[in-house]
Structures are given as C-alpha cells and as structure tokens.
2 protein chains.
Amino acid sequence: METIVIVGYVAGALTTISFVPQVVKAWKMRETRDLSLAMLVLFAIGVILWTLYGIWVGSLPIIAANVITFALILVLLGLKLWYK
Amino acid sequence: METIVIVGYVAGALTTISFVPQVVKAWKMRETRDLSLAMLVLFAIGVILWTLYGIWVGSLPIIAANVITFALILVLLGLKLWYK
C-alpha cells in the first residue's frame, strides 16, 4: 500500500475518532453548554454529503469514516439537546 | 463541473465552516470547559495529515479546506488552553 494512501487512512481515522473523547466527556459530565449546536448541525450535514460523495466515487474509507463520524455527531447532538 | 465534485466542495465547505460558530461561541462566552481538549488535538493532527494528503495528490480543495479548518482548530485550542 502506498504511503500516501496510509496517510489518508490515518487522517480519516484521526478526524473520525477525535469525536470519541468529546462524546465521552459530554456523557460523563452531562454538560454540553459550551458545545455549539450550529457546529454539530453543520458538521452533520457536511458528513452526510461526504458519505454520498464516498458512495458516488466508490471509496470505502471515505464512506466508513463519515458514517462513523455521523454516528458520533448524532450522539453529541442527542446529548446537546438532552442536556441543553 | 460534475455534480459530485460540487457535492465534495459543499461537504468540505460545511465541515470546515462548521467550526466558525464554535469559535464564535467560545470567544463570546469565554467558556470552553465542555470542549474536549483530546478532540481538538486529535482533530488538529488529522487535519495536518489531510493537508499533506491534499498536497501529495495535488487537490486544492482538500488543501484549502484543511488549512482553514486547522486555523479554526488552532484558535479553539488557544481559547481552550486560555480559558481551561
């Protein structure tokens, strides 16, 4: 596998799993006041479009990264709306 | 321009500008306690790698989106460390 493909996979993995500590923090602290609802909504729409893009160009890494990110953002949105 | 290229541009724009409302909120409220430092650091590293990936494959949209995102994340990191 080419180096640059690995760089792409690692980049995608990092920008995806980066939301895990944010979900854990919001879950544990039951506090999401400082999180921007607008950010979460815009990011969610962007990630949906990235998923469509990945399906269209047939790129499994793009699809996988963005489906996982979307799931994490959805949890954050839920926590944000629940704890307001 | 092909539809899917436009979808890619819009997706990149959304996942980039989504950080603007978060920066504005943190700046106005002077509060970042609920933001996860780990998320910001992981996301920053991921975005640096995406920028390298964009340079390598010669994709201006990937470079532009990730350089702007990196700048916004850097501001958030600064605010996070400042307001702790």
Side-chain angles (χ1 to χ4, degrees), chain A residues 2-59 61-62 65-66 69-70 72-73 76 79-80 83, chain B residues 2-59 61-62 65-66 69-70 72-73 76 79-80 83:
Chain A
E2 268 189 82
T3 317
I4 192 56
V5 175
I6 297 168
V7 168
Y9 275 119
V10 173
L14 282 170
T15 47
T16 297
I17 57 172
S18 66
F19 286 100
V20 171
Q22 183 63 71
V23 168
V24 169
K25 185 180 178 82
W27 191 282
K28 270 192 196 165
M29 286 176 55
R30 297 175 186 276
E31 277 285 350
T32 58
R33 199 194 44 163
D34 301 339
L35 270 179
S36 160
L37 183 60
M39 174 185 82
L40 295 175
V41 170
L42 285 172
F43 205 91
I45 299 168
V47 161
I48 291 169
L49 289 180
W50 274 125
T51 306
L52 290 178
Y53 180 85
I55 292 168
W56 192 300
V57 300
S59 162
I62 291 180
N66 285 283
T69 304
F70 183 69
L72 291 167
I73 298 284
L76 278 175
L79 293 171
K80 175 70 181 172
Y83 296 128
Chain B
E2 269 191 82
T3 318
I4 192 56
V5 174
I6 296 168
V7 168
Y9 275 119
V10 173
L14 281 170
T15 46
T16 298
I17 58 172
S18 66
F19 286 99
V20 171
Q22 183 63 72
V23 168
V24 169
K25 184 179 178 84
W27 191 283
K28 269 192 195 166
M29 288 175 56
R30 298 173 186 274
E31 276 284 351
T32 58
R33 198 196 45 168
D34 301 340
L35 271 177
S36 160
L37 182 60
M39 173 185 83
L40 295 174
V41 171
L42 285 172
F43 205 90
I45 299 168
V47 160
I48 291 169
L49 288 180
W50 273 126
T51 306
L52 290 179
Y53 180 84
I55 293 168
W56 192 300
V57 300
S59 163
I62 290 181
N66 286 284
T69 304
F70 183 68
L72 291 167
I73 297 284
L76 277 176
L79 292 171
K80 175 69 181 172
Y83 295 128

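Numbered from 1 within each chain, the chains take letters A, B, ... in sequence-line order. Computation of the quantities below employed the complete heavy-atom set of this structure, encompassing side-chain atoms and omitting hydrogens, waters and symmetry-equivalent molecules.
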Check: Of all residues at least two apart in sequence or in a different chain, which pass the side-chain contact (heavy atoms from CB on, under 4.5 Å) check with B:Thr16?
Finding: B:Ala65, B:Ile68, B:Thr69
Next item on the list: Pick one of side chain, backbone, both or neither for B:Ala26, based on which atoms fall under 4.5 Å of a heavy atom in chain A.
Entry: neither
Next item on the list: Report the option among B:Val10, B:Val20, B:Leu42 that has the most heavy-atom pairs separated by less than 4.5 Å from atoms of chain A.
Entry: B:Leu42
Check: Considering residues at least two apart in sequence or located in another chain, which fulfil the ring-ring contact (aromatic ring centres under 6.0 Å, His included) criterion with A:Tyr53?
Finding: A:Trp50
Next item on the list: Output the option from B:Gly12, B:Gly8, B:Ala11 having the highest count of non-hydrogen pairs under 4.5 Å with chain A.
Entry: B:Ala11
Note to self: Out of B:Val23, B:Ile62, B:Thr15, return the one with the most heavy atom pairs under 4.5 angstrom to chain A.
What the structure shows: B:Thr15
Item checked: Candidate pair B:Thr3 and B:Ile6, rule side-chain contact (heavy atoms from CB on, under 4.5 Å), full reasoning -> CA-CA 5 Å; B:Thr3 318; B:Ile6 296 168; 5.5 Å; no
Item checked: Test side-chain contact (heavy atoms from CB on, under 4.5 Å) applied to B:Leu76 and B:Phe19, step by step -> CA-CA 9 Å; B:Leu76 277 176; B:Phe19 286 99; 4.0 Å; yes
Next item on the list: Among the options B:Leu40, B:Asp34, B:Val57, B:Leu49, pick out the one with the most heavy-atom pairs lying under 4.5 Å from chain A.
Entry: B:Asp34
Next item on the list: Taking B:Ser36 for its side chain and B:Met39 for its backbone only, find out whether a donor-acceptor pair lies under 3.5 Å.
Entry: yes
